[in-house]
Enquirer: 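Here you go, one structure.
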Amino acid sequence: MSSSDGLYAAREPIFPKRVSGRFRRLKWAIMAVTLAIYYVTPWIRWDRGPELPDQAVLIDLAGRRFFFFWIEIWPHEFYFVAGLLIMAGLGLFLFTAALGRVWCGYTCPQTVWTDLFILVERWIEGDRNARIRLWRADWDGKKVRLRVTKWIVWILIAVATGGAWVFYFADAPTLLHDLVTLTAHPVAYTTVALLTATTFVFGGLMREQVCIYMCPWPRIQAAMMDEDTITVAYRDWRGEPRGRHRKRDVLVAETTRTATPAALSPAPVLAEPGDCIDCMACVNVCPMGIDIRDGQQMECITCALCIDACDEIMDKVGKPRGLIDYMALTDEAHERTGAPSIPVWKHIFRLRTIIYTALWGGIGVGLVVALFVRPDLSFTVAPIRNPVYVTMSDGTIRNAYDLRLRNKQGEDRPFRISITSDAALRVQAEGSDDAIVSVPADTTKQQRIYIMAPPGAPAALRDSTDVRIWVQDMVSDERAEKETIFNGTGQN
Amino acid sequence: MTGPKDTGPKDLEGDVPTTGHSWDGIEEYDNPMPRWWLYTFYACIVWAIGYSIAYPAWPLISGATSGLLGYSTRGQVADEMASAEAANAEINAQLAAVDLPGILETPELQQYAFSKGAAVFRTNCSQCHGSGAAGAKGFPNLLDDDWLWGGTMEDIHATVTHGIRNTTDPEARYSEMPAFGDLLSRSEIAEAANYVQSLSGPANDPTLVAAGQTVFEENCTACHMDGGIGSRELGAPNLSDAVWLYGGDYDTLVATITNSRFGVMPDWGSRLTEADIRAVTTYVHQLGGGE
C-alpha cells in the first residue's frame, strides 16, 4: 500500500538543535530539580519509632498505609488523596488558563525525560547536523558504535527510572539490596522492567508522538485556554515579509533605489522587509518539529526554546528581541494596531484565574485543616443484631457490639471503654472483667464489648435506649465517641 | 498528508457482486472479509482444535472427553481445598495436641481456633443453634451464661464430641425426664407448674405454690435439686434462673411436665476432626458465656 492510500503517515524524525538562553537555563534547572526529587525522595529517612517504617515517603500497599514525612494516611482517609488529585486538577486548570501548556513545556515527565534523552543523544552523536548525517549514513562501524553507545546510556537511565519507582513502595535500602542480590519479589522486577521499557520507548523513540497522539492533555488544555492565555507566538506583523540576509540586501537596495526620484521606470512595490531573516533557528531547535511562525499549533508544548533561539539571532543581527515571545492572543490584536503591549499581570490576574486560585486554595486549606483536626484515635461500632439481646441466667439483658479500635500511633496504647447512658448500664470487654483494651501500634483491633442492663432496669425493659460509647487513651486522655443504641426486651 | 481517498463504496463501477438480498431497495455488497479478521478467525479454529484435545470438550453419552491435560473445575476446587488444608496442617496438629485451656492462652492459636470454629459452627451447628448461636425453642442459646451440661472448655468439648441423648455414641451425655402425665394428676401438675414459675418470677397463688412445692420435692428434686437449681451432671436445667429452654410460661411448663422433653444432639466426634471440634469448642466458649 502506498502512503497516499491510507491515513497513516510515517513519522518525520526530529533533530532538535542545541540552544542556549534564559528559558533553556530555566529548563535545565527544572530538569535538575524534578529529577533530583524523583530519584532522591525514596532515600530520605524519617524516624517513626520502632514499629513503623523509617522512610519519609512510602506507599505501603501491603500494609495499606501511605507515609509522607510526618503524615500517615490510612485507607479510610483516602479522601486526602482524592483532595490532592482535585487540587492537582485545579492547579492544571489554573496554570493552563494563565500560562497555557506550561506544564507540558517544563515539568511533564515526558518532556523532562525526552530532554534528558536528547541531551545524551547530543553528547554521543553530536548536534543537529551531525545527527542528520548519521541518520542518513549507511550502517557502518561508526554508526553502529554511536547508536549502541546511545542506546546503552538510554537503557541505563531507563533502568534507573524504573528502579527508582519501586523504591516508593518498599523500604528503599532493603529493596535495593534485594534487587541487586536477585532476591526481590518478581513484582518488583516486573515493574522495573516495564518502566524501563516505557522510559526507553517514550523518551528515546516516541518522544513528541506521545504528546501529539497519546496524551489527552493537549486536547483538554486547548479547551481551557482563552485569548488572555499566555503562549509562545510569533510577531508576524513585525517579522514579515521574512527573508534571508542576501535577499534582504537586495530588497533593501531595491527599495532604496525605487525611493529615489531618479528612477525612470515604475518600481515594483516592495514592502519594508520584516525582522525575520528566515534562518530557521526556531524550527531547528523545536523538539516537536513545528514552525512557530505558522501560528499556534496543537503540537506546541510552549517550551520556549524557539524564543531563546530567535533572541540569539536577533541579538546577532541587531534587532530587538522578542520576535518570538510569550504573549496572549489579545496582545497580537493590540500590537498590530501599534499600541503598546499589555502588561503580563493583566493577563494573569483575571476573574477566571482568580476563581481557580480561590477553589484551589480553598480545597488546600480544607485538607490542611482536616489533617490537623483528624484524631490519632478513632473507632467504629457495629451492634450485633443476631440476636439483638441475650437474657442471662440472672435476668440481665446483654447487648454485644463489635468495636474496631484504630491506634494510629507507633506504640501500643491502652484504651478505656466507657458509656454514658442510663446509669444502670454497665460495659465490659469480651474476655476480661473490665473495659480496658490494649491496641498494638499502628493497627486496628476488633474488640467485642458487652453492655448489660440489670434485671428489671428501665433499659432492660424498654425497646431501645440511646447509648454513647467513649474510648479514651489512658495515657494521653485523648477521647473519641460514637452513638449507638441498647436493645431491651421491649416489654415496657 | 492525504485525506481518506479510498473509503467510498467499492462498487461504483459494478465490479463487486451483491449478496442478492434486497431490503426496501437497499442491497449489500459482497466484499471479502478484512484479512486480519479472516486470519484471526482461522487462528481461532486452530486454537479450538488444540483446546478441545487438551481440555474436556466433546460430549459423550455419559460425561465428556476428559482432555489430555486432565483438567476439571471440580479437580481444581479439590486441589485448592487440599492446598488450604495442607497450609493449615501444622496449626491444626498443634490445635489437636495442646491441652484445651492452653488454646485460650496462646493468642495465635486462639485466633485461629476462633475463626476456624466460626466456620465449623456455621456449617454444622447453625441449623439448630442459629447462625448467631442464639438457639431456639428446645435448642440452647449458646450466648448466655446458663449451661445445661457445663460451660468450661472441657465440658463443651465433651458435649460436641459425644453429643447428647443420642444412641450412636455410648459416651453421649444422657438423662431422661419422665412424662409425669402418667404419674401425677392434672391438679398436681398444675401445682408443680405454679411452684416452678414462682422460682424465678413473681409469686403466684400461695396455696397452689405451697402445694406445688410438695409435689416438686417428692418428684423433681432428685434431678432438679432443692429450689430447682438444676444439676449439670444430669443435664437437668436450672429452673430458678431467667433462661428457659422450652419456655417459662404456664402452658409450656404444664406441657413439659406432662409429656417431658428429650432433646438430642448428634455426636460430632464421628464426623469432625479433633481440630475442628476444638475450634468450634473455642468459638462457643468465646461467645459470651464461657466458664
Side-chain angles (χ1 to χ4, degrees), chain A residues 1-12 212-213 289 298-299 382-402 412 427-433 437-440 443 445-457 460-461 487-489 491, chain B residues 1-8 34-35 103-105 107 110-111 114-115 118 121-122 126 129-136 139-148 151 153 199-202 228-230 232 237-245 247-248 282-283 285-291:
Chain A
M1 196 200 284
S2 72
S3 64
S4 63
D5 277 344
L7 292 165
Y8 179 76
R11 179 198 180 214
E12 294 291 329
I212 298 171
Y213 302 115
M298 194 204 74
E299 289 88 348
I384 305 299
R385 303 269 188 228
N386 180 16
V388 289
Y389 67 84
V390 175
T391 306
M392 307 303 282
S393 57
D394 65 354
T396 296
I397 300 298
R398 191 181 73 185
N399 280 203
Y401 305 83
D402 275 339
D412 297 2
V427 64
Q428 183 188 333
E430 212 292 310
S432 78
D433 295 331
V437 179
S438 177
V439 181
T443 52
K445 178 173 182 173
Q446 180 162 323
Q447 173 70 45
R448 180 161 292 193
I449 64 161
Y450 300 115
I451 297 180
M452 289 155 291
L461 301 178
N487 292 296
T489 58
Q491 291 165 355
Chain B
M1 281 278 282
T2 56
K5 282 181 181 172
D6 219 4
T7 54
R35 236 173 284 167
I103 297 172
L104 302 180
E105 285 153 20
Q110 181 264 327
Q111 275 170 22
F114 185 79
S115 306
F121 187 89
R122 279 194 293 272
S126 61
H129 289 285
S131 60
F139 302 102
N141 183 336
L142 305 176
L143 301 168
D144 60 30
D145 57 348
D146 184 47
W147 297 92
L148 295 171
M153 288 287 282
L199 291 174
S200 60
I229 59 167
R232 289 182 174 182
N238 184 342
L239 304 175
S240 66
D241 66 13
V243 178
W244 295 97
L245 183 53
T282 309
Y283 177 74
H285 187 264
Q286 293 224 274
L287 284 174
E291 290 172 346

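Labels below follow one simple rule: chain letters A, B, ... track the order of the sequence lines, proteins then strands, and each chain is numbered from 1.
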Enquirer: What closest approach, in Å, do A:Glu430 and B:Gln286 show between heavy atoms, and which atom pair accounts for it?
Expert: OE2-O, 3.3 Å
Enquirer: Rounded to the nearest 0.5 Å, how far apart are CE of A:Met392 and CG of B:Asp241?
Expert: 10.5 Å
Enquirer: Using heavy-atom distances under 4.5 Å, tell me whether B:Asp145 contacts chain A through its side chain, its backbone, both, or neither.
Expert: both
Enquirer: Measure the CG-CG distance between A:Asn386 and B:Leu143 for me, rounded to the nearest 0.5 Å.
Expert: 8.5 Å
Enquirer: Can you tell me which portion of B:Ser240 sits under 4.5 Å from chain A's heavy atoms? Options are side chain, backbone, both or neither.
Expert: neither
Enquirer: Measure across B:Ala134 and A:Pro387 and return the closest heavy-atom pair with its distance rounded to 0.1 Å.
Expert: CB-CG, 3.4 Å
Enquirer: Short question: side chain of A:Arg398, backbone of B:Gly288 - any donor-acceptor pair under 3.5 Å?
Expert: yes
Enquirer: Among the options A:Ile384, A:Thr391, A:Asp394, pick out the one with the most heavy-atom pairs lying under 4.5 Å from chain B.
Expert: A:Thr391
